[in-house]
Amino acid sequence: GQAVVDLDHPKYYNGGKGNLEHVMRDPAKAHLYAHLKDKKGNWAVRRDVWVWYRTPHDLRKGPLSIGYAVYRDKHHFGPELQLGHVVGDALENQVLLIKTAWGGKSIYKDFRPPSSGGQVGPCYTRMLALVREALGNLKKYFPDYDGGGYKIAGFVWFQGWNDMGNKAAVAEYEQNLANLIKDVRKELGLPNLPVVIGETGNCRNMTFRRAQAAVAERAEFEGTVAFVPTAQFLRPAEESPNVGHGHHWFGNAESYFLIGDALGKAMLRLLKAER
């Protein structure tokens, strides 16, 4: 959730280049972002899409809008923002996004799934625990929940930087991610749970990025796992808020918006095929 919304710190963020406010002022692109603000110019609040995210600091829960990033502010967002709008526009029922993100974590160690052998990653265990916590207390966290039950409709995986620089992790990545998908499906009792994999398109390790793509190409995942290329969404550092943060897509709001858009559309394609 490192996309910068506005110039809240004039000393930083490269004079506002590449933040959300800056991108929305571009006449050629303004129509793509118009839904993010209401008629009064405030950030839109979407009540038919809920977000639940337990950060290292606190619990964020409520209707979709700006503010579900790791920071304790309203000046950052992640792929969940536009992903939520895409899915919310397509589905008639209430949508809940359960976000788990801690930053700087690998699948080689932190998210290591049981089927990969060795010690199960603490983040893998915590991720599933948080999904159960959110779903087990829907009325508590979302008083407007009607008690009508729920369906776990899909799983989005967008991770990789901390594996990319480790040769052993790169060598194992395809199998580890395939194992994670199968283990998550087993844990949730959903053998064909739709899964979308977002490419780590901000890294130059093509061997690693091919490993990510290869998971979706496995015959066992045909029609239920999709790979989303993202390299085309990377913007130059000099046109972005955080010029030294390549690992965070330079904090560029357009990058995170377009990634969320592509992830959401890929999920909808899988959901349509599922029917």
Side-chain angles (χ1 to χ4, degrees), residues 1 52-56 70 78-80 83 97-136 152-231 247-248 259 262-263 266-267 270 274:
W52 191 97
Y53 174 32
R54 190 174 289 285
T55 78
V70 67
E80 76 286 335
L83 188 158
L97 304 179
I98 302 174
K99 177 175 178 176
T100 57
W102 300 285
K105 301 294 183 284
S106 71
I107 196 173
Y108 182 69
K109 180 179 179 181
D110 304 295
F111 278 96
R112 192 172 188 85
S115 293
S116 290
Q119 184 175 354
V120 176
C123 291
Y124 172 86
T125 302
R126 180 162 172 73
M127 174 179 67
L128 288 169
L130 290 174
V131 169
R132 293 191 173 98
E133 179 186 350
L135 294 178
I152 302 177
F155 178 66
V156 177
W157 182 257
F158 184 51
Q159 171 276 344
W161 188 273
N162 278 58
D163 288 285
M164 174 269 298
N166 180 327
K167 288 184 178 180
V170 172
E172 283 190 19
Y173 194 89
E174 179 185 343
Q175 189 59 55
N176 282 338
L177 183 50
N179 288 344
L180 183 140
I181 291 170
K182 289 185 283 189
D183 287 349
V184 166
R185 285 173 164 179
K186 182 179 179 181
E187 285 280 348
L188 299 177
L190 299 167
N192 295 309
L193 178 69
V195 176
V196 171
I197 301 166
E199 178 188 37
T200 306
N202 55 334
C203 85
R204 297 181 180 179
N205 189 330
M206 294 307 299
T207 299
F208 174 73
R209 285 161 57 181
R210 282 194 292 269
Q212 290 184 311
V215 178
E217 295 169 359
R218 291 189 170 205
E220 63 186 313
F221 294 146
E222 184 177 1
T224 65
V225 176
F227 173 74
V228 175
T230 64
H247 54 303
H248 288 153
I259 290 167
L263 295 174
M267 180 58 71
L270 290 180
E274 185 184 37

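Note that the numbering runs from 1 along the sequence shown for the chain. Every value quoted in this text rests on a predicted model; they were computed, and no experiment measured them.
In this view, Glu187 and Arg132 satisfy the salt bridge (Lys or Arg N to Asp or Glu O under 4.0 Å) rule, not counting sequence neighbours. Taking Lys182 as the reference, Glu220 meet the salt bridge (Lys or Arg N to Asp or Glu O under 4.0 Å) condition, with sequence neighbours excluded. For Tyr53, the ring-ring contact (aromatic ring centres under 6.0 Å, His included) test picks out no residue, with sequence neighbours left out. A search for side chain to side chain donor-acceptor pair (under 3.5 Å) contacts involving Lys99 returns Glu80, not counting sequence neighbours.
Nearest heavy-atom pair, Pro79 versus Leu263, reported as atom, atom and distance to 0.1 Å: CB-CD1, 4.3 Å. Taking all atoms of both residues into account, the shortest heavy-atom contact from Ile197 to Ala216 is CD1-N, 4.4 Å. The heavy-atom pair separating Thr230 from Gly201 by the smallest distance is OG1-N, 3.1 Å.
Counting only distance, with no hydrogens or angles, the side chain of Lys105 and the backbone of Gly103 share a donor-acceptor pair below 3.5 Å.
A 4.5 Å side-chain heavy-atom check between Val228 and Phe158 finds every atom pair outside the cut-off. Between Ile152 and Leu135, the closest side-chain pair of non-hydrogen atoms falls below 4.5 Å. Taking the side chain as every heavy atom from C-beta outward, Trp157 and Leu180 approach each other to under 4.5 Å. Counting only heavy atoms from C-beta outward, the side chains of Glu274 and Asn192 never approach each other to under 4.5 Å. Side-chain atoms of Trp102 and Phe111, non-hydrogen and from C-beta on, do get closer than 4.5 Å to each other.
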Indicate every side-chain donor-acceptor pair of residues 116-129 with a distance under 3.5 Å to a residue at least two apart or in another chain.
from	atom 1	to	atom 2	distance (Å)
Ser116	OG	Asn176	OD1	2.7
Ser116	OG	Asn179	ND2	3.0

Side chains of residues 162-170: which donor-acceptor pairs under 3.5 Å do they make with residues two or more places apart or in other chains?
from	atom 1	to	atom 2	distance (Å)
Asn162	ND2	Gly104	O	3.2
Asp163	OD1	Ile107	N	3.3
Asp163	OD1	Tyr108	N	3.0
Asp163	OD2	Ile107	N	2.8
Asp163	OD2	Gln159	NE2	2.7
Asn166	OD1	Ala168	N	2.9
Asn166	OD1	Ala169	N	3.1

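In this pair, Tyr173 and Phe208 present their aromatic rings perpendicular. The plane angle is above 60°, beyond the 30 to 60° band.
Considering CZ of Arg209 and CD of Glu199, their distance stands at 4.0 Å, rounded to 0.5 Å. To the nearest 0.5 Å, atoms CG (Leu270) and OG1 (Thr224) are separated by 7.5 Å. Taking CD of Glu133 as the start and CH2 of Trp52 as the end, the distance is 4.0 Å to the nearest 0.5 Å. Atom-to-atom distance recorded for Arg210:CZ and Asn205:CG is 8.5 Å, nearest 0.5 angstrom. Atom CG of Leu83 and atom CG of Leu97 lie 6.0 Å apart (nearest 0.5 Å).
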